[in-house]
Amino acid sequence: MILTITYTQAPATDLGYLLYKNPSRPQTFELSHGKAHMFYPEATNERCTAALVLDIDPIDLARGKKGSTGEGGLFDYVNDRPYVASSFLSVAISRVFGTAMSGKSKDKPELASMALPLKARIMMLPARGAEGIIHRLFEPLGYKVTVEEYMLDEKFPEWGMSKYYTVSLEGEVRLQDLLNHIYVLIPVLDADKHYWVGADEIDKLIWHGEGWLINHPEKGLITGRYLKRKKNLISQALERLVEESDVLDDEGEPDEPSQREETEKKLNLNQQRLGTVVAALKSVNAKRVIDIGCGEGNLLSMLLKDKSFEQIAGVDVSYNVLERAKDKLKIDRLPEMQKKRINLFQGSLTYRDKRFSGYDAATVIEVIEHLDENRLAAFEKVLFKFARPQTVIVSTPNKEYNTHYSNLLEGSLRHRDHRFEWSRREFEMWAAKVAKDYGYNVRFVQIGDVDNEFGSPTQMGVFTL
Ligand code: SAH
């Protein structure tokens, strides 16, 4: 099976920098079940196409080793696995394009963070549930989807159509997102996996689904199939998705009552957190507020609804997330007066930035745990020394409360992207030191159900000058 990715903006050969693969040099990668060949069938200034071809060894698959269907007998030898786009292709994508998938680019970081005109073509994709599902999965992600179908055998039209399709996806999208969408959705369409699906698959799903899965109208189906319908894994994944993205999802109907219960519990925490932040902002009479690491804009949306907030800014390091915030807040459709109240921009709270200045209060809600601990000092300076608003509100998970999340292994974090989680003592020590270093006072607030022994799920520090 073949995957191609075409980029059509001059100089199109920049695709080579983004994929970390030189357009003039074909390469072969050894995989546990065969080989992956990567080359560029075309590489001109206007148009550059990268191709990934899988060469799976059917005998290797059949030997009861990795990839055996386990059903034994003839089926192990006669099957479509070597010839179709399946979880083997996902494994190859992450192996060959792993760096691009994580959004890193040494030579062209700005291109890696931008939506680009890209087209992907996936050949021989089996779609259980037929063609409609291909549209349902890719269209909500903003792609123009074209599907070619094939007859089972042209000599015997009465046999009908096959379940294999060639799918083209076209859109303005970051390369990183395109790769992650394909990585997750191929095994979902195929509804099969060549390896044992255990709890670590949840991490993969959350990692590769970051920023898009939570709002996908088919997230129930995607999660279900990705985790091979293992009920316990599915409910854990849905729970973590909501908890980790902290996004209010008002469209998606959770499919089972037990899931809904869990989901509501989490939504509740999110609402409580935002409500507490707004209350703290009002208590210090903040009129101009900047929300750093604003995500999809849940807090911004609450601030917009309250007239006492005159000037509101949202900052996030992720371009994609900001785009979604723009959509959710319907910025383009706001009346002029409202539009003037809000400003969204891309930025990082670890780099000094003039645009962070001039606000009464800054909120940093569930963000610091995404920073490497050695970047915290930079963040402290940027906010407390240079931007220096009258009030700073910082919230972060309370690690002690994790014992209440039955699905978390002891010592593990709530989100794959969390670099650390702190106990109350750790947070309070950090906050007290920051307050002392920069001349602020700090008070602490617990958010969510309070457990006598372990405290609450979220902890918040309110710093004031
Ligand atoms: N504050 C939001 C989102 C929390 S998720 C809420 O409570 O709903 C964490 C967010 O921090 C993500 O959107 C992520 O893109 C952003 N982020 C991570 N590192 C950042 C950095 N260095 N600067 C700015 N934002 C960052």
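We count residues from 1, following the sequence as given. Because only heavy atoms are used, hydrogens play no part in the values below, and waters and symmetry mates are left out as well, while side chains stay in. Order of listing sets the numbers, starting from 1, for every ligand and every atom in it. Just so it is clear, the model here is predicted, and its values are computed rather than measured.
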Query raised in the report: Is a side-chain donor-acceptor pair under 3.5 Å present for Asn320 with Ser318?
Result: no
Shortest reach to [atom] by a heavy atom, considering only [options]:
{"atom": "atom 14 (C) of ligand 1", "options": "Asp316, Ile365, Asp372, Leu322", "value": "Asp316"}
{"atom": "atom 26 (C) of ligand 1", "options": "Val317, Val315, Asn298, Ile292", "value": "Val317"}
{"atom": "atom 22 (N) of ligand 1", "options": "Ser348, Gly314, Ala378", "value": "Ser348"}

Query raised in the report: So Tyr438 and Phe384, would you call those rings parallel, tilted or perpendicular, with 30° and 60° as cut-offs?
Result: parallel
Query raised in the report: Would you call the rings of Trp422 and Trp430 parallel, tilted or perpendicular if under 30° counts as parallel and over 60° as perpendicular?
Result: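 If you compare the ring of Trp422 with that of Trp430, the planes turn out tilted.
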Requested in this report: Give, for atom CG of Asn441 and atom OG1 of Thr464, the distance between the pair rounded to the nearest 0.5 Å.
Outcome: 5.0 Å
I want to know if ligand 1 touches [X] in the polar sense, i.e. an N/O pair below 3.5 angstrom.
{"X": "Leu349", "answer": "yes"}
{"X": "Gly293", "answer": "yes"}
{"X": "Val367", "answer": "no"}

Query - All side chain to side chain donor-acceptor pair (under 3.5 Å) counterparts of Asn374, not counting sequence neighbours - result: none
Atom indices of ligand 1 within 4.0 angstrom of [X] heavy atoms, with elements:
{"X": "Glu366", "result": "4 (C), 5 (S), 9 (C)"}
{"X": "Gly295", "result": "3 (C), 13 (O)"}
{"X": "Cys294", "result": "2 (C)"}

Query raised in the report: Going by heavy atoms in the side chains, are Met460 and Arg273 under 4.5 Å from each other?
Result: no
Query raised in the report: Can you tell which part of Leu274 has a heavy atom less than 4.0 Å from ligand 1: side chain, backbone, both or neither?
Result: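 No part of Leu274 comes within reach of ligand 1.
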Query - Heavy atom of Gly347, distance to ligand 1 below 4.0 Å - result: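 Distance cut 4.0 Å: Gly347 passes for ligand 1.
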Query - Qualifying salt bridge (Lys or Arg N to Asp or Glu O under 4.0 Å) pairs, either residue in residues 339-357, two or more places apart - result: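 Those involving residues 339-357 are Glu336-Lys339, Asp353-Arg355.
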Query raised in the report: Which of these, Asp107, Leu175, Leu118, sits in a side-chain contact (heavy atoms from CB on, under 4.5 Å) with Leu18?
Result: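 Exactly one candidate clears the test, Leu175.
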